[in-house]
Trainee: 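Please read through the structure below; I'll follow up with questions.
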Amino acid sequence: MKLRNNPAISSLLMVSPLAAILLIFLVLPIVLIVIVSFWRATEFSIVPAFEFDNYEFLFGSSVTYTVFFNTFKYALITWACTLLIGFTVAYYLAFHIRTLTWQIALFLLCTIPFWTSNIIRMISWIPFLGRKGIANSTLMSWGAIDVPIEWLLFSDFAVILAFVHLYTLFMVVPIFNTMMRIDKSLIEAARDAGANGAQILWNVIIPLTKPGIMIGTIFVVTLVMGDFITVRFMSGSQSANVGRLISNDIALLQYPSASATAIVLLLTVLITIGTLLRFVDIRKEL
Amino acid sequence: MEPRPRSFYILSAFFALFILFLYGPTITIGILSFQGEGGGLTFPMRGVSLYWFYDLFEQQAVGDIWGSFRRSFVLGLMVMVVTVVVSVMGGLAFRRKFPGSNILFYLIITSLVIPSILISLGVGLLFSQSGLNVHWSTSGFGAQLTWTLPFGLLIMFAVFNRFDKSYEEAARDLGATPWQTLRHVVLPIIAPSLIGVALFGFTLSYDEFARTLLTAGSYNTLPLEIYGMTTNVTSPVLYALGTLTTVFSLFIIGIFLCIALTTNRRRARQDSDAGKGEV
């Protein structure tokens, strides 16, 4: 009876498992990473300390800047590609498919790969892009090239291709979701007022779809910026982003310097997201 | 119906290409996994055989594939159950403001957008510094929850944003206790979305890699095992394993979709019992 009288307490009780999980597996680990980033690494272990050496080394090294530049480059190019493809696909599903059943069916077709393994989906590019792969042999049989193109697999091209392949769904879903909520009478009104297709797209649909685009952007940008597997696998260990820098340090048991890099990466991501969140209220858009 | 504009056909072609782009590579390794015994990682096919699948079942030198599959499966079920229960409770609680609700909301978003390697590193450090051993069922389990819970909660927020509160009010007016309202009114209405949350929970855990990397300990989960194989296995056996896991994922997705469809149909049939009740 007391619970019913005090809704705040019953709410708090209901979120307590959630809060506990996030506290132990999100907040504490971040706090610990912050602490360890000031520690010192010896050859075999890490020792508590309070020094800025890890950060000084990080900001003093030219590698850091190249790697951060690379990370932003991947994020920007992937974002542009996924936005273009994702918007077009969502637009097609929302405005050109006329029955709800078909919309749902085609939408599911787009989302099913999301529930399968990313690693397998990366591996599956090997027979396409390899030296003797499908792309090269097709181009050679057409006579378009004489020698196989070397930069298809294990290159920046392959990295971005894999990113686009893995993450376009994260654009399609939120954009489609916002588009489905656009009142169709607005489009009819625009048409009645004499707008052509391009004008309707530019002046009506795109402005109304912005929240979905923002949410998709947040997903894609954070996934790409935090990635370390795709870059390693698809570039054949030839390119690096911040995630790989961290994972290399971890492999060498250099936890303090890995932590310092991780904190800088986290701040970069949070600032990016904070900026994007100013343009959209996520809770209203769900 | 008005005739289709020309843009429809262009966009249809674009959509078809997109689907080909999404599924093409997976289908290719599906075909290549039936490569003949002497075949390599790419076309041409040197005969058609089940050689590489047999190889997968016999050869244990590659690693502990079946053990890792069992662990991934169990872990997926654990993550699924916890994700559903915690997301529903969280979704219900977030319908009202409570002290700290804003902070908690931003924590959920952080959990979603945080680079996975930070979870891996941080949880790994947490366990090693407190003298605990990392294990897939403890540290790995928690690390995966930081990935599945935000998805579950966002789905629940979306569901409760559209939830018609008058059903609950009606139940309350008829004298139902809060528990009865939840059990007989709210849960049946949101049940189909729970199937969605469960699907996310299981599949995201089953395929999760980056957050489990440093938190699984000495017993690998399946994605970790596959990742290990990519560095030292250069035969189509990799494709055979890839094909099997993908088929398994599709099977799971199929089961969930069937459950969703049957629940919807059953509901449509028993749509309303107005006028059929006993007097």
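The figures here come from the full heavy-atom set of this structure, side chains too, leaving out hydrogens, waters and symmetry mates. In what follows, every chain begins at residue 1, and chains take the letters A, B, ... in the order their sequences are listed.
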Trainee: Answer with side chain, backbone, both or neither: which region of B:Phe202 has an atom nearer than 4.5 Å to a non-hydrogen atom of chain A?
Mentor: neither
Trainee: Between the side chains of A:Asp249 and A:Ser257, does any donor sit under 3.5 Å from an acceptor?
Mentor: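 Checked: A:Asp249/A:Ser257 side chains pair up, N/O donor to acceptor below 3.5 Å.
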Trainee: When you measure from the centre of the six-membered ring of B:Phe160, is the NZ or CZ of B:Arg95 closer than 6.0 Å and no more than 45° off the axis?
Mentor: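 Ring-cation test returns yes.
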Trainee: For B:Thr243, is it the side chain, the backbone, both, or neither that has a heavy atom closer than 4.5 Å to a heavy atom of chain A?
Mentor: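 Neither part.
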Trainee: Please classify the contact of B:Ile108 with chain A as side chain, backbone, both or neither, using a heavy-atom distance under 4.5 Å.
Mentor: both
Trainee: Where does the angle between the aromatic ring planes of B:Phe105 and B:Phe94 fall among parallel (under 30°), tilted (30 to 60°) and perpendicular (over 60°)?
Mentor: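 If you compare the ring of B:Phe105 with that of B:Phe94, the planes turn out perpendicular.
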Trainee: Would you say the ring centroid of B:Phe209 lies under 6.0 angstrom from that of B:Tyr227?
Mentor: yes
Trainee: Do B:Thr146 and B:Ser111 have side-chain atoms, one donor and one acceptor, less than 3.5 Å apart?
Mentor: no
Trainee: If we define contacts as heavy-atom pairs under 4.5 Å, which of B:Leu213, B:Thr246, B:Leu241, B:Leu104 has the most with chain A?
Mentor: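 Highest number of heavy-atom pairs under 4.5 Å: B:Leu104.
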Trainee: Report the option among B:Thr110, B:Val159, B:Leu32, B:Thr28 that has the most heavy-atom pairs separated by less than 4.5 Å from atoms of chain A.
Mentor: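 With the most close heavy-atom pairs to chain A, the winner is B:Thr28.
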Trainee: Can you tell me which portion of A:Leu109 sits under 4.5 Å from chain B's heavy atoms? Options are side chain, backbone, both or neither.
Mentor: both
Trainee: Measuring heavy-atom distances to chain A, does B:Leu204 have an atom under 4.5 Å in its side chain, in its backbone, in both, or in neither?
Mentor: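 Just its side chain gets close to chain A.
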Trainee: Among A:Phe114, A:Tyr91, A:Tyr255, which residue forms the greatest number of heavy-atom pairs with chain B at distances under 4.5 Å?
Mentor: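 The candidate making the most pairs under 4.5 Å is A:Phe114.
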Trainee: For A:Arg121 and B:Tyr23, what are the C-alpha separation, side-chain angles and deciding distance, and is it a side chain to side chain donor-acceptor pair (under 3.5 Å)?
Mentor: CA-CA 9 Å; A:Arg121 291 173 69 204; B:Tyr23 288 89; over 6 Å; no
Trainee: With a 4.5 angstrom heavy-atom cut-off, which part of B:Val82 approaches chain A: side chain, backbone, both or neither?
Mentor: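 When you check distances to chain A, only side chain atoms of B:Val82 fall under 4.5 Å.
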Trainee: So which part of A:Thr168 gets closer than 4.5 Å to some heavy atom of chain B, the side chain, the backbone, both or neither?
Mentor: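 It is the side chain, since no backbone atom gets that close.
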Trainee: Whether the side chain of A:Ser11 engages the backbone of B:Phe98 through a donor-acceptor N/O pair (distance < 3.5 Å, no angle test) should be reported.
Mentor: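 Such a contact is absent between A:Ser11 side chain and B:Phe98 backbone.
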Trainee: Which bit of B:Leu149 is near chain A, if near means a heavy-atom gap under 4.5 Å: side chain, backbone, both or neither?
Mentor: side chain
Trainee: Counting heavy-atom pairs under 4.5 Å to chain B, which of A:Pro17, A:Cys110, A:Gly243 comes out on top?
Mentor: A:Cys110
Trainee: Which atoms of B:Ile19 come close to chain A, meaning under 4.5 Å heavy atom to heavy atom: side chain ones, backbone ones, both, or neither?
Mentor: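 Contact with chain A involves the side chain of B:Ile19 alone.
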Trainee: Does the ring center of B:Phe256 lie less than 6.0 Å from the ring center of A:Trp115?
Mentor: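 No; A:Trp115 has its ring centre 6.0 Å or more from that of B:Phe256.
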Trainee: Quick check on A:Val164 against chain B: is it the side chain, the backbone, both or neither that has a heavy atom closer than 4.5 Å?
Mentor: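 Backbone plus side chain of A:Val164, per the 4.5 Å heavy-atom cut-off to chain B.
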Trainee: Measure distances from A:Leu161 to the heavy atoms of chain B and classify the residue's part below 4.5 Å as side chain, backbone, both or neither.
Mentor: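 Backbone plus side chain of A:Leu161, per the 4.5 Å heavy-atom cut-off to chain B.
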Trainee: Can the ring centroids of A:Phe107 and A:Phe176 be said to lie less than 6.0 angstrom from one another?
Mentor: yes
Trainee: Please state whether the side chain, the backbone, both or neither of A:Phe95 comes within less than 4.5 Å of a heavy atom of chain B.
Mentor: neither
Trainee: Which residue out of A:Ile134, A:Ile97, A:Ile126 racks up the most heavy-atom pairs below 4.5 Å with chain B?
Mentor: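 The answer is A:Ile134.
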Trainee: Would you mind checking which part of B:Trp179 comes under 4.5 Å of any heavy atom in chain A, side chain (CB onward), backbone (N, CA, C, O), both or neither?
Mentor: neither
Trainee: Chain A heavy atoms under 4.5 Å from B:Ile253: which part of the residue, side chain, backbone, both or neither?
Mentor: side chain
Trainee: Side chain, backbone, both or neither: which part of B:Leu145 has an atom under 4.5 Å from a heavy atom of chain A?
Mentor: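 The answer is the side chain of B:Leu145.
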Trainee: Are any non-hydrogen side-chain atoms of A:Asn241 and A:Arg244 less than 4.5 angstrom apart?
Mentor: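 In short, these two side chains touch, coming nearer than 4.5 Å.
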Trainee: For chain B, which of A:Leu169, A:Leu106, A:Val31 has the most heavy-atom pairs under 4.5 Å?
Mentor: A:Leu106
Trainee: Can you tell me if B:Thr181 and B:Arg172 form a side-chain donor-acceptor pair at under 3.5 Å?
Mentor: no
Trainee: Need one label for A:Leu18: side chain, backbone, both or neither, based on atoms under 4.5 Å from any heavy atom in chain B.
Mentor: both
Trainee: When only pairs under 4.5 Å are counted, which of A:Val36, A:Ile30, A:Ile112, A:Leu28 shares the most heavy-atom pairs with chain B?
Mentor: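 Heavy-atom pair counts peak at A:Ile112.
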Trainee: Are B:Tyr206 and B:Phe248 close enough that their ring centers fall under 6.0 Å?
Mentor: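 Yes - the distance between ring centres of B:Tyr206 and B:Phe248 falls below the 6.0 Å cut-off.
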Trainee: Is B:Leu257 in contact with chain A via its backbone, its side chain, both, or neither, using a 4.5 Å heavy-atom distance?
Mentor: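 For B:Leu257, side-chain heavy atoms alone lie under 4.5 Å from chain A.
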Trainee: Identify which part of A:Leu22 has an atom lying under 4.5 Å from any heavy atom of chain B, answering side chain, backbone, both or neither.
Mentor: side chain
Trainee: Go through the atoms of A:Ile24 and report whether side chain, backbone, both or neither lie under 4.5 Å from a heavy atom of chain B.
Mentor: both
Trainee: When heavy-atom pairs shorter than 4.5 Å are enumerated against chain B, which of A:Ile273, A:Val269, A:Thr88 gives the highest number?
Mentor: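 It is A:Thr88.
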Trainee: Is chain A contacted by the side chain of B:Leu214, its backbone, both, or neither, given a heavy-atom distance below 4.5 Å?
Mentor: side chain
Trainee: Quick one: what part of B:Ile103 sits under 4.5 Å from any heavy atom of chain A, side chain, backbone, both or neither?
Mentor: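 No part of B:Ile103 comes within 4.5 Å of chain A.
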Trainee: Count the heavy-atom pairs under 4.5 Å between each of B:Ile27, B:Val88, B:Val86, B:Val113 and chain A, then report the option with the highest count.
Mentor: B:Val113
Trainee: Tell me, for B:Ala210 versus chain A, whether the close heavy atoms (under 4.5 Å) come from the side chain, the backbone, both or neither.
Mentor: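 The answer is both parts of B:Ala210.
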